[in-house]
Amino acid sequence: METEGVQVIMVTLALQGHMNPMLKLAKVLVSKGVDVTLATNDVARKHMLDSKISTKFTSNSPGRLNLEFFPDGLSHDFDRDKDTGTFIASLKANGPRNLSNIIADLKAKGIEFSCLITSPFIPWVPGVAAEHGIPCCVLWIQSSTVFSIYYHFIKRPGLFSNLENPNGNVELPGIPMIKVEDLPTFMLPFSPAHFRLWVAEFVSVLDKIQWVLGNSVHELEEEIVNSLASVKPIYPIGPLVSPFLLGKEETVEGSVDMWSAADSCIEWLNKQPTSSVIYISFGSIIVTSEQQIQSIATALKNINRPFLWVVKASEARKDEFPDGFFEETKEKGLVVSWCPQEKVLMNQAVACFVTHCGWNSALETVVAGVPVVAYPEWTDQPTNAKLLVDVFKIGVRMRNCEDETLSVEEVERCIMEVIDGPRAEEMKKRALELKEAAKKALEDAGSSNQNIDKFISEIAGKPVGNNV
Ligand SMILES: O=c1ccn([C@@H]2O[C@H](COP(=O)(O)OP(=O)(O)O[C@H]3O[C@H](CO)[C@@H](O)[C@H](O)[C@H]3O)[C@@H](O)[C@H]2O)c(=O)[nH]1
């Protein structure tokens, strides 16, 4: 494929769940000879430069990676996760001008971008692309199912007539009957208004977008992807995971973690028996409550099997665990603040994954062939849990009691059902089937690889086929 001189600019927020898939797409493009500029908000500058990601990317690859950072108008230590409303407002006020200046400066140096790829929920970015005459693409970083739900929610609100009743049903093209409680929380009446506004703005800017690439696999969400074809086509190019999960060699090295991972856990996992370890992690945003910590810890002690548990800032939260927990379980398990999750999931010792169902975690577990206990909390996670449990059929759903607490019995029941229950073998078998489908999609003739090649040909002005 002719990619010489093709320049792409990617724009994302410095959030782990957004940065990971963008960087992975950047790697794919760079490995195919495209030059990528990745622009993100300034808060990530030190971290990304320290990680030397750009040097690692370019050391031995056909294309190059250049990093740019734009100020979002807030001080470095402002807690953007805590006060999302202020962050978004400040970003909206300052981001467009600052991003535009970067593009103008690069243009002055002779760089002409063939395409701007944005992550979702930064609705002003397509406007900046248009200002510079650059065709715009969005990388949808969640499931195609969630994309379709949001799209229909804004374009055909009549399909969602009663969102007050969590047990009410919603019927959508390509989606088997789905309950209100399985919909993304951003669209539900109890969710803060700025989240609904995000969704509305996201869908409204789709009219200005030429391509929607999805971090998913056609074969995993076939009906949904097909049903969107005549409405707003989405082209699955995933799973955007590290190549070693797919049994491939890294042609472009380098990744960036917002926290440093405890590599010691891999050494520890290597010493555990095959399919014995319960792995628990709730991603980069959710803060596990003390009540949840107490129930999960007690359940792990009762189950008495090896475990690896990620609790962010676990050192500082030691007194929130049951008395004597660390002493009593020191032979059995590890609690760490952050781990190299993809390597963990690929380790032969892991038996199941207790997950919050963030979409990256969902894809990683599918590719690793590890069954799940699905414990979603907010945003797209309830829908991902529905996919993992009822559509992919690789896990069980863990639920809170009526008073919203998590009981010890529920944690034990769900973990035991996945590792030892009557359907455990079936779930494992299904997980391995999906793993194969996901791997195939990125092989030369696979659906995702073909979609990527067509996308590159389109932006390079050399169209092949008509998928993208
Ligand atoms: O100890 C850990 C825990 C996580 N991860 C990685 O961090 C990422 C976490 O991403 P994800 O599973 O998607 O969870 P969140 O960080 O919570 O992601 C946010 O963004 C996602 C993409 O939009 C959404 O699907 C989620 O609901 C939302 O919470 C994954 O790649 C994990 O491999 C690690 O490397 N080490």
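These values consider heavy atoms only, across backbone and side chains, with no hydrogens, waters or symmetry-generated copies. Treat the numbers as computed from the prediction; the structure is a model and nothing was measured.
For the pair Ile415 and Arg305, the minimum side-chain heavy-atom distance is 4.5 Å or more. The shortest side-chain heavy-atom distance between Lys312 and Ser337 does not fall under the 4.5 Å cut-off. In this structure, the side chains of Glu171 and Leu159 stay at 4.5 Å or more apart for every pair of heavy atoms. At a threshold of 4.5 Å between non-hydrogen side-chain atoms, the residues Cys137 and Gln210 do not count as touching. A heavy-atom distance below 4.5 Å is not found between the side chains of Glu221 and Phe147. The closest side-chain heavy-atom distance from Ile296 to Leu406 is below 4.5 Å. Residues Ile280 and Leu308 are not in side-chain contact: their nearest non-hydrogen atoms beyond the backbone lie 4.5 Å or more apart. In this structure, Pro376 and Arg397 have side chains that are in contact, with non-hydrogen atoms separated by less than 4.5 Å.
To the nearest 0.5 Å, atom CZ of residue Phe153 and atom CG of residue Leu163 are 6.0 Å apart. Leu23 CG to Leu67 CG: the interatomic distance, rounded to the nearest 0.5 Å, is 8.0 Å. The CG atom of Asn215 lies 6.5 Å from the CG atom of Leu139; values are rounded to the nearest 0.5 Å. In this structure, the separation between NZ on Lys428 and CD on Glu425 is 9.0 Å, given to the nearest 0.5 Å. Separation of atoms CD (Gln272) and SG (Cys265) is listed at 11.5 Å; rounding is to 0.5 Å. Asn41 CG to Met19 CE: the interatomic distance, rounded to the nearest 0.5 Å, is 7.5 Å.
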Give the intermediate values and the outcome of side-chain hydrogen bond (donor to acceptor under 3.5 Å, both in side chains) for residues Ser143 and Ser216. CA-CA 6 Å; Ser143 64; Ser216 187; over 6 Å; no
In sequence, state the C-alpha distance, the side-chain angles, and the governing distance for Glu417 and Val373, and then conclude on side-chain contact (heavy atoms from CB on, under 4.5 Å). CA-CA 9 Å; Glu417 200 175 325; Val373 170; over 6 Å; no
One pair to check against salt bridge (Lys or Arg N to Asp or Glu O under 4.0 Å): Lys155 and Asp207. What are the steps and the verdict? CA-CA 12 Å; Lys155 298 281 185 185; Asp207 297 337; 3.6 Å; yes
For salt bridge (Lys or Arg N to Asp or Glu O under 4.0 Å), just list the numbers for Arg399 and Glu410, CA-CA rounded to whole Å, side-chain angles, deciding distance to a tenth of an Å, and then say yes or no. CA-CA 7 Å; Arg399 288 180 191 277; Glu410 176 70 352; over 6 Å; no
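By the ring-ring contact (aromatic ring centres under 6.0 Å, His included) test, Phe202 is found to be paired with Phe121, Trp140, residues two or more places apart in sequence or in another chain being considered.
Checked by atom type, the side-chain pair Glu364/Asn360 shows no donor-acceptor distance below 3.5 Å. Side-chain contact check for Asn449 and Lys440: no donor-acceptor pair (N or O, by modelled atom type) lies under 3.5 Å. A donor-acceptor pair shorter than 3.5 Å can be found between the side chains of Glu131 and Ser100. In summary, the side chains of Glu112 and Gln7 do not present any donor paired with an acceptor at a separation below 3.5 Å, with no hydrogens or angles considered. For the residue pair Tyr375 and Gln292, a side-chain donor N or O sits within less than 3.5 Å of a side-chain acceptor on the partner. Residues Thr383 and Thr145 have side chains that never bring a donor and an acceptor to within less than 3.5 angstrom of each other. Side-chain atoms of Thr37 and Asn66 form a donor-acceptor pair, as typed in the model, at a separation below 3.5 Å. A donor and an acceptor atom, one from each side chain of Ser284 and Gln16, are nowhere located under 3.5 Å apart.
Taking every heavy atom of both residues into account, Val6 and Ala460 meet most closely at CG2-CB, 3.7 Å. Across all non-hydrogen atoms, the minimal contact from Pro306 to Trp268 is CB-CH2, 4.1 Å. Here the closest non-hydrogen pair linking Pro173 and Arg156 is CG-NH1, 4.4 Å.
For Tyr279 and Trp309, the distance between ring centers is not under 6.0 angstrom. Under the 6.0 Å cut-off for aromatic ring centres, Phe195 and Trp378 qualify, their centroids lying closer than that. Here Trp211 and Phe455 bring their ring centres to under 6.0 angstrom of each other.
Thr365 contributes a side-chain N or O that, together with a main-chain N or O of Val370, makes up a donor-acceptor pair within less than 3.5 Å.
A side-chain contact (heavy atoms from CB on, under 4.5 Å) with Cys352 is found for one member of Ile394, Asp420, Val396, Ile419 and no other, namely Ile419.
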